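Since the structure comes first, as structure tokens, the remarks are kept for the end.
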Amino acid sequence: MPRLTKMQSLPGFRDIYPEDFQIRRYLLDTWRRVARSYGFREYDAPTLESSAIYEKKNSGGEILSQLYRFTDRGDRDVSLRPEMTPSLARMVAASSNRYRKPIKWFSIANFFRYERQQKGRLREFLQLNCDIFGDSSPAADAELLALTIDILRAFGLGKDDFVLRLSDRNAWLLFLEQNNCPPELAGDFLSVVDKMEREKPEETEEKLRPFGVDLSAVQKFIATDGDGAFAPILDDLAARGLRDFVGPDLGIVRGLAYYTGVVFEVFDRKRQFRAVAGGGRYDHLVKSLSDGNSDLPAIGMGMGDVVLTHFLQSSPTASEKMQSALASDRDCEVFVVVADETKRPDALGLITRLRENGIRADFSFGPAKVGKQFGSAESLGATHAVVVGSEWPEVRVKTLASREEIAVQQDALADLLKNDHSVRP
RNA sequence: GUGGCCGUAGUUCAAUGGUAGAGCGCCAGAUUGUGGUUCUGGUUGUUGCGGGUUCGAGUCCCGUCGGUCACCCCA
């Protein structure tokens with residue numbers, strides 16, 4: 001708005017109002033709950049990092065040009081984190097002796113990328129990161145994939161809503177070897193494969209020329225679905241009842257430089273959105289970031305809040321589930337109506353006891369008509385109103401939805417409400 | 001970084017180049033200890049910002065900022 005022109009949030013950044021934060025809380029709670037159910041432990045890392053940690057050998061790709069990068073007052077070249085993996089790899093490298101393997105960690109953090117915003121992409125966003133260190137087996141791969149799938153299931157999404165497209169960079173390296181293409185060209189080659197899906201065949205054909213590989217060979221290879229290379233992972237997931245959520249797809253390679261083996265991306269079945277989640281194996285990154293002092297295989301995944309939110313809202317079952325979660329997430333559970341101003345001190349004491357019992361209680365700061373106070377209770381979404389008046393120490397407890405009202409001694413109120421499931425479903 | 005569309009009250013939107021409006025919301029009332037409905041009254045704008053054309057610009061033109069979508073790219 002006019003007078004606020006200079007105070008607007010920066011492009012691509014969001015002000016999160018309480019209504020929006022409710023949605024965010026739902027996302028975060030679900031992420032955290034499922035990750036912890038898998039035995040993952042939560043951690044965090046600095047928002048600001050030395051830019052060096054994102055240099056080509058570590059992240060590579062476009063991410064370098066999208067850094068929020070500047071020189072700090074100590075003349076250090078620093079960047080706001082665009083992803084978590086390098087920081088995490090460093091943390092793990094520095095403490096790898098301290099933890100029993102496998103290390104299973106997750107974080108929920110904000111990230112920054114300087115790019116023009118569009119659907120599903122902002123300059124600051126939240127991302128869930130889940131990683132497993134110290135185990136390079138298909139069992140570890142499957143565990144991480146299962147977690148990714150179960151998180152989406154926890155939001156009410158099913159196998160008809162999304163698919164996890166599973167690929168493996170090692171399969172491509174083998175392919176290149178068989179086609180007599182030098183391994184040092186692998187990175188550039190994979191980036192061509194990465195873009196195939198969005199490009200005209202003729203363009204891809206042209207881009208493949210320097211590698212001495214023709215398009216039909218690539219297409220044929222993708223059509224093999226890895227020739228059973230994914231069997232151990234798929235069998236594992238089948239035993240968990242999650243096989244239907246995964247589709248082998250060698251067309252996925254991902255853009256980051258550090259991926260080494262399994263890579264994957266999750267898409268909505270209708271293909272309305274960008275990848276909802278993605279990840280892969282990065283078995284050499286810990287070693288690289290610790291100058292060889294530590295060496296642990298790793299696999300991880302990331303899931304951002306922006307695309308996920310769009311996705312959830314587009315799915316009837318998921319949005320219904322979210323709505324019902326939001327409805328039960330009350331900002332105020334009990335509203336205390338002060339019907340007699342001389343009893344205000346008693347009401348304040350009562351409110352304190354309610355709050356001590358973990359009940360979200362609110363009231364009007366100054367004298368107000370009882371009807372108006374009930375209006376406040378209503379608009380705040382309280383399930384109950386407690387009327388404090390001349391009957392003190394007896395109070396009246398009214399269930400707003402049913403309009404039922406009972407009298408109760410004030411010292412019994414907190415226990416009564418705490419155990420009332422209509423207050424806290 | 002390139003391009004399309006958009007920018008009017010807190011919000012959603014309206015206004016053949018001629019006095020800026022409506023719904024919702026918000027506030028106050030309908031004989032003062034009971035709410036969602038209803039009724040009555042009230043509230044708000046340098047039309048994103050800056051220039052230009054014109055007797056006159058919310059409307060046309062240019063610039064700029066912001067939003068949105070696509071391209072680039074996708075970690």
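Note that the structure is a prediction, hence the values are computed from the model and not measured.
Within the model, atoms CG of A:Leu80 and CZ of A:Phe70 stand 5.5 Å from one another, a figure rounded to the nearest 0.5 Å.
Residue contacts for A:Gly12: at a heavy-atom cut-off of 4.0 Å it reaches the sugar-phosphate backbone alone, with no base atom in range. No engagement by A:Phe125 is indicated, since no non-hydrogen atom pair under 4.0 Å with the nucleic acid exists. If you check every strand for non-hydrogen atoms under 4.0 Å, A:Lys398 touches a base.
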Pick out the pairs of N or O atoms, protein on one side and nucleotides 30-33 of chain B on the other, that lie under 3.5 Å.
residue : atom : partner  : partner atom : Å
B:rG33  : O6   : A:Ser390 : N            : 2.6
B:rG33  : O6   : A:Ser390 : OG           : 2.2
B:rG33  : O6   : A:Glu391 : OE1          : 3.4
B:rG33  : N1   : A:Glu391 : OE1          : 2.9
B:rG33  : N1   : A:Glu391 : OE2          : 2.7
B:rG33  : N2   : A:Glu391 : OE2          : 3.0

Report, one pair per line, the protein and nucleotides 3-6 of chain B atoms (nitrogen or oxygen only) whose separation is under 3.5 Å.
residue : atom : partner  : partner atom : Å
B:rG3   : O6   : A:Arg116 : NH2          : 3.1

Just the table, please: protein N/O against nucleotides 23-27 of chain B N/O, every pair under 3.5 Å.
none

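Non-hydrogen atoms lying under 4.0 Å from RNA chain B are contributed by nothing in residues 43-50 of chain A.
Base-pairing analysis of RNA chain B finds the following stems of at least three consecutive Watson-Crick or G-U pairs, with both pairing distances under 3.5 Å: B:1-7 with B:65-71, B:10-13 with B:21-24, B:26-30 with B:38-42, B:48-52 with B:60-64.
Within a 6.0 Å radius of CD in A:Glu177, other residues, nucleotides and ligands contribute 12 heavy atoms or fewer. Other residues, nucleotides and ligands contribute at most 12 non-hydrogen atoms within 6.0 Å of the CZ atom of A:Arg41. More than 12 heavy atoms of other residues, nucleotides or ligands shown are found within 6.0 angstrom of CD on A:Gln118. Within a 6.0 Å sphere centred on CZ of A:Phe13, heavy atoms belonging to other residues, nucleotides or ligands number more than 12.
In this structure, A:Arg281 is not positioned above the aromatic face of A:Tyr259 in the sense of NZ or CZ being under 6.0 Å from the six-membered ring centre and within 45° of the axis. Relative to the ring axis of A:Tyr114, A:Arg123 places its NZ or CZ within 45° and under 6.0 Å from the centre.
Listed by chain and residue number, A:Arg14 satisfy the salt bridge (Lys or Arg N to Asp or Glu O under 4.0 Å) test with A:Asp305 (two or more places apart in sequence, or in another chain).
Remark: the separation of the P atoms in B:rG48 and B:rA57 is 15 Å, to the nearest Å. Taking atom P on both nucleotides, B:rC6 is separated from B:rC27 by 36 Å, rounded to a whole Å. Distance check on atom P: B:rU44 versus B:rU31 gives 28 Å, rounded to whole Å.
If you take CD1 of A:Ile252 and P of B:rC74, they are 13 Å apart, rounded to a whole angstrom. Note: CG (A:Leu190) to C1' (B:rC74) measures 15 Å, nearest angstrom.
Side-chain atoms of A:Ser107 and A:Glu42 form no donor-acceptor pair, as typed in the model, at a separation below 3.5 Å. Judged by distance alone, the side chains of A:Tyr258 and A:Thr85 do bring a donor and an acceptor atom under 3.5 Å apart.
A donor-acceptor pair is defined here as one N or O able to donate and one able to accept, closer than 3.5 Å; no such pair exists between the side chain of A:Lys104 and the backbone of A:Asp131.
Look at A:Gln118 and you'll find a side-chain N or O under 4.0 angstrom from OP1 or OP2 of B:rA70. Side-chain nitrogen and oxygen atoms of A:Gln117 include at least one within less than 4.0 Å of the OP1 or OP2 phosphate oxygen of B:rG67.
Between A:Phe189 and A:Phe175, the ring planes are parallel. Angles under 30° get that label, and only those over 60° would be called perpendicular.
Of the charged side-chain nitrogens involved, none lies within less than 4.0 Å of a carboxylate oxygen, so that A:Lys343 and A:Asp346 do not count as a salt-bridged pair. Ion pairing between a basic and an acidic side chain is recognised when a charged N comes within 4.0 Å of a carboxylate O; A:Asp329 and A:Arg25 show such pairing. A salt bridge links A:Arg121 to A:Glu115: one of the charged nitrogens lies within less than 4.0 Å of a carboxylate oxygen.
Residue order along RNA chain B, read from the 5' end via each residue's closest nucleotide, puts A:Lys119 first among A:Lys119 and A:Gln127.
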Step-by-step ring pair (Phe, Tyr, Trp, His ring centres under 6.0 Å) determination, A:Phe221 to A:Trp172: CA-CA 9 Å; A:Phe221 182 66; A:Trp172 280 108; 4.8 Å; yes
